[in-house]
Amino acid sequence: MTWIRFKKYFYQNSELGLALDISRIPFPDDFLASMEPRMQTAFADMAALERGAIANPDEKRMVGHYWLRSPSSAPTPELRADISNALAQVKDFTDRVHAGTIAAPSSKKFTQLLVIGIGGSALGPQLVNHALGQPGQDKMTVSFFDNTDPDGIDYVLASLAGKLPETLAIVISKSGGTVETRNGQVEAIAAFKAAGLDYKKHFVAVTGAGSKLEQTAIKDGWLARFPMWDWVGGRTSELSAVGLLPAALQGIDIQEFLAGAAAMDNVTRDPVTAKNPAALLALMWYFATDGRGSKDMVVLPYKDRLLLFSRYLQQLVMESIGKELDLQGKVVNQGISVYGNKGSTDQHAYVQQLREGVNNFFVTFIEVLKDRPAATSMEVDPGVTTGDYLQGFYLGTRDALSEKNRSSITITVNDVSPRTLGMLIGLYERVVGLYAALIGINAYHQPGVEAGKKAATSVIALKLKISAALKAAPGKAFTSEALASQIGAPGQTELVFKILEHLAANGGTKKTAKTPWFESTYAA
């Protein structure tokens with residue numbers, strides 16, 4: 001990797017406070033030119049999307065997350081008003097909570113925030129909370145129910161012991177039917193009731209118009225309701241009320257957050273590829289993975305505050321790009337696997353394999369120039385700070401990988417601030433859109449997720465059948481095979497066994513272990 005190549009392919013935008021180094025992706029010098037016609041088509045597709053085209057043809061929906069940070073760019077006056085009104089509602093509600101004019105029934109200020117959601121309704125708020133939070137200074141302390149794991153729910157509730165009287169709960173679900181979120185809502189309501197509290201005076205909904213959740217919030221008289229729209233997918237919803245409301249309540253400057261994303265949008269609309277960091281990244285993904293996901297993307301932010309960024313990108317990229325069919329209905333099985341943690345922790349984890357194991361990945365390093373908010377850092381060695389060591393490990397790891405022909409990209413930002421995080425989110429949303437256009441897939445639906453939900457529903461139906469059969473024959477012991485036959489599901493014996501094991505572990509069923517294991521019996 002020569003200085004000449006670095007100078008040729010290093011992108012820097014001082015106004016944004018962002019730089020991009022693609023020189024360590026080994027594309028030939030004619031690659032960018034050869035891809036230019038396809039890139040121009042991708043630019044045109046993105047422009048049409050922002051003008052309000054049906055960019056999600058399977059669901060016959062517009063895709064409008066770019067309008068969230070620039071309402072004037074929305075294609076109709078109604079949409080512009082909806083976005084502006086929602087933002088004003090978030091700010092007004094937040095101001096009143098912070099001032100104490102919206103308070104708990106005890107008249108105490110709300111100091112705790114419980115966010116109940118899953119997927120994009122949790123990952124984005126969790127990223128922002130971790131990246132931008134200031135413990136001891138935040139207006140509110142944020143906790144999350146982001147799964148249907150009872151032990152995980154209990155863990156969070158234990159941290160809120162004695163604090164529920166001053167806890168505000170936000171339930172986030174577009175349809176109101178997402179099972180994990182519904183379950184978290186039910187468990188949270190039970191916890192508030194057990195504490196002798198009128199939960200209705202603590203709950204807020206972020207949901208779609210007419211959804212089950214909105215109907216519940218109206219009927220029960222919840223504190224407030226905020227909109228979700230069908231033209232914003234969960235994984236691109238962080239700059240809607242989904243992410244802005246928790247961030248604002250925590251005390252984060254959401255206007256700067258929005259401004260960062262808007263500034264990135266302005267730059268990444270540029271149809272001159274060399275001036276567009278999102279286009280350059282999309283092309284690097286294309287080259288590194290042969291345009292078909294042949295290599296994984298390892299995300300290594302060298303900043304503790306960006307620990308959750310790889311998890312955020314995992315959903316954004318894999319749910320958007322991982323598709324069986326292209327836009328013509330042809331089977332393509334597209335996707336890019338994303339994983340990562342943080343530097344320099346990974347010096348002691350999987351960098352060993354990255355350097356010397358199978359070469360089935362490319363790395364995205366994220367470098368943050370400013371070490372800490374304080375003007376200076378102490379020296380841990382003469383003339384050397386902890387931040388110097390962090391940069392040293394990043395640069396050293398990058399070179400160690402390059403020595404073994406392991407490809408990498410580096411994104412450099414000045415700091416971790418609301419504006420910078422908004423920029424990074426805006427950047428990757430645009431990269432995903434452009435890359436999807438290059439490979440001809442619909443980035444804005446998620447049929448695989450829906451298939452998983454349907455499969456889970458069938459498991460619950462089977463569990464209810466099993467429980468009913470056991471209760472109908474009290475004291476009678478069944479093997480898994482016998483019970484599967486009894487309920488008319490001999491082809492689902494493995495599922496019957498797994499459900500019985502779960503029931504036995506949780507006290508709902510008595511198990512008698514036998515050898516071989518499949519002769520074990522279960523009874524009510």
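- Between Val416 and the choices Leu132, Asp304, Leu424, the side-chain contact (heavy atoms from CB on, under 4.5 Å) rule is met once, by Leu132.
- Ion pairing of Lys91 with Asp95 is absent here, as no side-chain N (NZ or NE/NH1/NH2) approaches a carboxylate O to less than 4.0 Å.
- The main-chain N or O of Ala74 is found under 3.5 Å from a side-chain atom of Arg80 such that the two form a donor-acceptor pair.
- A distance-only check finds a donor-acceptor pair linking the side chain of Ser294 to the backbone of Thr289 [under 3.5 Å].
- Of the possible donor and acceptor atoms, none in the side chain of Gln126 sits under 3.5 Å from a partner among the backbone N and O of Leu308.
- For the atom pair CZ (Phe27) and CD1 (Ile25), the distance works out to 8.0 Å, reported to the nearest 0.5 Å.
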Practice problem: Could you give me the CA-CA distance, side-chain angles and deciding distance for Thr364 and Met297, then say whether side-chain contact (heavy atoms from CB on, under 4.5 Å) is met? | Solution: CA-CA 7 Å; Thr364 298; Met297 176 162 56; 3.8 Å; yes
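- Between Arg225 and Glu214 there is a salt bridge, since a side-chain N of the basic residue sits under 4.0 Å from a carboxylate O of the acidic one.
- The aromatic rings of Phe226 and Phe93 stand perpendicular to each other, their planes meeting at an angle above 60°, with 30° marking the opposite boundary.
- Defined by atom type and a distance below 3.5 Å, a donor-acceptor pair is present between the side-chain atoms of Thr410 and Tyr394.
- Ser417 places a side-chain N or O within 3.5 Å of a backbone atom of Thr420 that can act as its donor or acceptor partner.
- The distance from atom CG of Asp45 to atom CG of Leu327, rounded to the nearest 0.5 Å, is 8.5 Å.
- Using a distance-only test at 3.5 Å, with no hydrogens or angles considered, a donor-acceptor pair links the side chain of Thr41 to the main chain of Pro37.
- Residues meeting the ring pair (Phe, Tyr, Trp, His ring centres under 6.0 Å) test with Phe10, sequence neighbours left out: Phe6.
- Between Arg269 and Glu50 a salt bridge is recorded (basic side-chain N to carboxylate O distance below 4.0 Å).
- His202 and Phe192 have tilted rings, their planes meeting at an angle from 30° to 60° on a 0 to 90° scale.
- Using a distance-only test at 3.5 Å, with no hydrogens or angles considered, no donor-acceptor pair links the side chain of Thr148 to the main chain of Glu180.
- Using a 4.0 Å cut-off between a side-chain N of Lys or Arg and a carboxylate O of Asp or Glu, Asp21 and Arg398 qualify as a salt bridge.
- If you take NZ on Lys163 and CG on Leu114, they are separated by 12.5 Å, rounding to the nearest 0.5 Å.
- Using a 4.0 Å cut-off between charged nitrogen and carboxylate oxygen, Arg69 and Asp265 count as a salt-bridge pair.
- With salt bridges taken as basic N to acidic carboxylate O contacts below 4.0 Å, one links Asp29 and Lys8.
- Judged by distance alone, the side chain of Asp138 and the main-chain N or O of Thr141 form no donor-acceptor pair under 3.5 Å.
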